[in-house]
Amino acid sequence: MKSDRSAPLQRPYGRAYEQMLEKVRYDGAYPTREKAEEAVRLVLAGLGRQLTGDERVELAARLPFEAARILTAQVPDLEPLTGWSFVKDLAARTGASLATTRWDTGSVFSAVAAHAGPELVTRILNRLPSGYALLFGRAELTQAA
């Protein structure tokens, strides 16, 4: 009888998701892929609770399958959070510091933006409350009164 020791313990991820995890790991300077994946899961689930409409559907279609599943498994909140409240909410859920959570969010949103493209990111930012542009690495532009 042949041993199954060399068989992987879990279903391997698709290549696109593996590349996304590596981008997050590199950009966020995470020591392991597992730490990068924790950040991806946390931040994408949080974004899934905030984003609605066509932008949510289109983003899910552009993300790797595994990332899209994390995003779309969440039921959107009735009242979306500002960018800063988003970071505070994620920190409260994990017990991590605000600085660490802000870092995680920026690292993951950088990878999300690479998949989404600039036009979709602009539409996402227009749909979300204030404060998300900086999390996506963009200037926060405000309208003059």
Side-chain angles (χ1 to χ4, degrees), residues 4-143:
D4 241 6
R5 287 181 188 226
S6 63
L9 295 175
Q10 64 182 16
R11 180 181 77 77
Y13 294 126
R15 183 165 172 76
Y17 187 62
E18 292 283 353
Q19 290 172 335
M20 181 181 191
L21 292 177
E22 280 307 309
K23 177 174 178 36
V24 170
R25 180 178 179 191
Y26 180 80
D27 289 352
Y30 294 100
T32 65
R33 198 190 87 149
E34 290 73 25
K35 291 288 186 191
E37 188 170 12
E38 285 175 30
V40 166
R41 290 184 175 283
L42 172 73
V43 175
L44 282 178
L47 184 59
R49 290 187 294 273
Q50 301 306 307
L51 193 57
T52 60
D54 292 343
E55 291 77 15
R56 177 186 173 104
V57 173
E58 194 171 334
L59 178 59
R62 293 186 187 189
L63 288 174
F65 172 76
E66 298 87 346
R69 253 187 33 211
I70 297 165
L71 179 85
T72 59
Q74 304 301 312
V75 175
D77 291 340
L78 296 175
E79 287 295 319
L81 300 171
T82 64
W84 181 236
S85 295
F86 176 82
V87 170
K88 290 194 295 188
D89 177 66
L90 294 181
R93 288 173 186 269
T94 62
S97 72
L98 291 172
T100 298
T101 305
R102 168 61 181 88
W103 182 264
D104 291 347
T105 302
S107 299
V108 174
F109 279 0
S110 173
V112 167
H115 285 277
E119 185 270 332
L120 179 55
V121 170
T122 297
R123 288 182 22 230
I124 289 169
L125 293 175
N126 287 337
R127 177 168 285 279
L128 293 171
S130 68
Y132 285 87
L134 291 174
L135 298 173
F136 273 95
R138 291 187 175 186
E140 184 80 35
L141 303 175
T142 55
Q143 302 241 338

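Hydrogens, waters and symmetry mates are skipped; everything else that's a heavy atom, side chains included, is used. Counting begins at 1 with the first residue of the sequence.
For R127, the side-chain contact (heavy atoms from CB on, under 4.5 Å) criterion is met by L51, T52, E55, not counting sequence neighbours. Checked against salt bridge (Lys or Arg N to Asp or Glu O under 4.0 Å), E58 has the following partners two or more places apart in sequence or in another chain: R62, R123.
With hydrogens and angles ignored, the 3.5 Å screen pairs a side-chain donor or acceptor of R25 with a backbone N or O of P31. Put simply, the side chain of S110 never gets that close to the backbone of G106: no donor and acceptor are under 3.5 Å apart. Judged by distance alone, the side chain of Q50 and the main-chain N or O of L128 form no donor-acceptor pair under 3.5 Å. Under the 3.5 Å distance criterion, the side-chain polar atoms of R56 are matched with a main-chain donor or acceptor of T72. No donor-acceptor pair closer than 3.5 Å links the side chain of Q74 to the backbone N or O of L47.
Here the straight-line distance linking atom CG of L42 with atom CG of L90 works out to 4.5 Å at 0.5 Å rounding. Between I124 atom CD1 and F109 atom CZ the span is 8.5 Å, to the nearest 0.5 Å. Once rounded to the nearest 0.5 Å, the distance linking CD of Q19 with OH of Y13 reads 15.5 Å. Summarising the geometry, atom OG1 belonging to T32 is positioned 9.5 Å from atom CD belonging to E37; distances are rounded to the nearest 0.5 Å. To the nearest 0.5 Å, atom CD1 of residue I70 and atom CG of residue L63 are 9.5 Å apart. Note that CG of L71 is 13.0 Å distant from CZ of R41, once rounded to the nearest 0.5 Å.
At a threshold of 4.5 Å between non-hydrogen side-chain atoms, the residues R49 and D89 count as touching.
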- Would you check, one step at a time, whether the test side chain to side chain contact (heavy atoms under 4.5 Å, CB included) holds for L81 with Y132? CA-CA 10 Å; L81 300 171; Y132 285 87; 4.2 Å; yes
- Evaluate side chain to side chain contact (heavy atoms under 4.5 Å, CB included) for V40 paired with E66, printing each intermediate quantity in order. CA-CA 10 Å; V40 166; E66 298 87 346; over 6 Å; no
- So L98 and W84, side chain to side chain contact (heavy atoms under 4.5 Å, CB included) or not? Walk me through it. CA-CA 10 Å; L98 291 172; W84 181 236; 3.8 Å; yes
- Message: Apply side chain to side chain contact (heavy atoms under 4.5 Å, CB included) to residues V121 and R138 and explain how you reach the verdict.
- Response: CA-CA 10 Å; V121 170; R138 291 187 175 186; 3.7 Å; yes
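Residues F136 and A113 come closest through the heavy atom pair CD2-CB, 4.2 Å. Scanning both residues, G28 and S107, for their nearest heavy atoms gives CA-OG, 3.2 Å. A pairwise comparison of heavy atoms in L135 and G83 identifies CD1-O, 3.8 Å as the closest pair. Closest non-hydrogen pair, L21 versus A36, comes out as O-CB, 3.8 Å. Counting all heavy atoms, side chain and backbone alike, A139 lies closest to A133 at O-CB, 3.5 Å. The nearest pair of heavy atoms linking A60 to A68 is O-CB, 3.3 Å.
Heavy atoms of other residues, nucleotides or ligands lying less than 6.0 angstrom from CD of E79 number 12 at most.
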